[in-house]
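Here is the structure we will look at.
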Number of protein chains: 2
Amino acid sequence: MATRTATQLRAEERDRYDAYLAACPARKLLDRISDKWVSLLLTALAGGPQRYSELSRTIAGVSQKMLTQTLRGLERDGLVTRTVTAAVPVRVDYALTPLGASLLPVMTAIKAWAETNIEAVERAQRAYDQAGA
Amino acid sequence: MATRTATQLRAEERDRYDAYLAACPARKLLDRISDKWVSLLLTALAGGPQRYSELSRTIAGVSQKMLTQTLRGLERDGLVTRTVTAAVPVRVDYALTPLGASLLPVMTAIKAWAETNIEAVERAQRAYDQAGA
DNA sequence: CAGGATCCAGTATGATACTG
DNA sequence: CAGTATCATACTGGATCCTG
């Protein structure tokens, strides 16, 4: 128990530091909503409620795991609701809450920015790669 | 070589499918700008150019690697510029391009949404966790 | 239909040490 | 000061099988 002094101190500082970061919930929330699947899911629900299977088809490329996981997270954050209808094959609908709807414009704006500026970005990339080579 | 029919067909479909997704650059761009460090860096540069070390202090918690990596990506995408000033200790300034500035309002909006609605989200989380327990 | 559980590969990220 | 290079790893995300 003597081979650690500076290293341990640094680790302790890091822990305290991480704790501080964890104490800043806004940054964590920012990280959570800065997620590909989140933006795609929220915009997918913009047109109204959708079933699980509809979403998986709309998003196209999302795995069961990511779809379920992201939906659970959004439900927990109060951004979407999950409604189960008992039937022969179970039916589950997801819909935006008012809180989720309030985030929608921003998500739409990001998506729109990406679609609008993709060409400019690609031009910049080509120029950058040219200069580098 | 007869133990695969449905499995192989599914794999082939998936490959074709993934190729299609890769061909959609807007989704890739959306994923790239939906990054924690990107939003933090762009908003950090909102007030004007900053040096590398200033940024690392402003962002607080970012590692050298992530900082450099994210800056390089943003530079390649044409969102920020990198200006090297030859001096005794080298000086490097980063600044937003017009393209980067055009993304700034959206990034600011996300950050603001997170800060505004963090409490509502936390309430929702507590309610969700209560119900689950 | 709508998941839950599990296994596994790839990537993202951090810590550390070294350099012009 | 402003990185680069390397190593180690934690976490993401996909594939697969199983269930109410």
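Reminder, nothing fancy here: chain letters follow the sequence lines and each chain counts from 1.
Listed by first then second residue, pairs satisfying salt bridge (Lys or Arg N to Asp or Glu O under 4.0 Å) with a partner in residues 38-56 of chain B number zero, not counting sequence neighbours.
As a whole-Å value, the separation of A:Asp31 CG from C:dA12 P is 14 Å. Taking atom CG on B:Asp35 and atom C1' on D:dT12, their separation rounds to 14 Å, with Å as the unit. Rounded to a whole Å, the CG atom of A:Leu67 is 16 Å from the C1' atom of D:dT12.
Checked against B:Leu74 for a side chain to side chain contact (heavy atoms under 4.5 Å, CB included), the options B:Thr97, B:Leu96, B:Thr81, B:Leu41 give a single hit: B:Leu41.
Here the straight-line distance linking atom OG1 of B:Thr116 with atom CG of A:Leu103 works out to 11.0 Å at 0.5 Å rounding. Remark: A:Tyr128 OH to B:Asp77 CG distance equals 10.0 Å, nearest 0.5 Å. Rounded to the nearest 0.5 Å, atoms CG (B:Leu104) and CG (B:Leu45) are 9.0 Å apart.
Across A:Tyr94 and A:Arg72, no two heavy atoms sit closer than the pair OH-NH1, 3.5 Å. Nearest heavy atoms, B:Ile33 versus A:Ala114: CD1-CB, 4.4 Å.
The stretch residues 43-58 of chain A comes close to DNA chain C through A:Arg51, A:Tyr52, A:Ser53, each having a heavy atom under 4.0 Å from the strand. Residues from residues 87-94 of chain B lying near DNA chain D, meaning a heavy-atom separation below 4.0 Å, are B:Pro89, B:Val90, B:Arg91, B:Val92, B:Tyr94 in numerical order.
The shortest side-chain heavy-atom distance between A:Leu67 and A:Trp37 does not fall under the 4.5 Å cut-off. Here the side chains of A:Lys28 and B:Ile118 are not in contact, with every heavy-atom distance at 4.5 Å or above. Residues B:Gln125 and B:Val121 form a side-chain contact, since some pair of their non-hydrogen atoms from C-beta on lies under 4.5 Å apart. Side-chain contact check for B:Lys36 versus A:Leu30: every heavy-atom pair is 4.5 Å or farther apart. Looking at heavy atoms from C-beta onward, A:Arg27 lies in side-chain contact with B:Leu40 at the 4.5 angstrom threshold.
Every residue meeting the salt bridge (Lys or Arg N to Asp or Glu O under 4.0 Å) condition with A:Arg91, not counting sequence neighbours, appears here in chain and number order: A:Asp93.
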With the criterion being N/O to N/O and under 3.5 Å, what pairs connect the protein with nucleotides 4-8 of chain C, and how long is each?
| unit_1 | atom_1 | unit_2 | atom_2 | d |
| --- | --- | --- | --- | --- |
| C:dG4 | OP1 | A:Arg72 | NH2 | 3.0 |
| C:dG4 | O6 | A:Gln64 | OE1 | 3.3 |

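The end-to-end axis angle of the helix from C:dC1-D:dG20 to C:dG20-D:dC1, rounded to 10 degrees and based on five pairs per end, is 50°.
Two residues, B:Lys36 and A:Leu71, neighbour DNA chain C, and the one matched to the more 5' nucleotide by heavy-atom proximity is A:Leu71.
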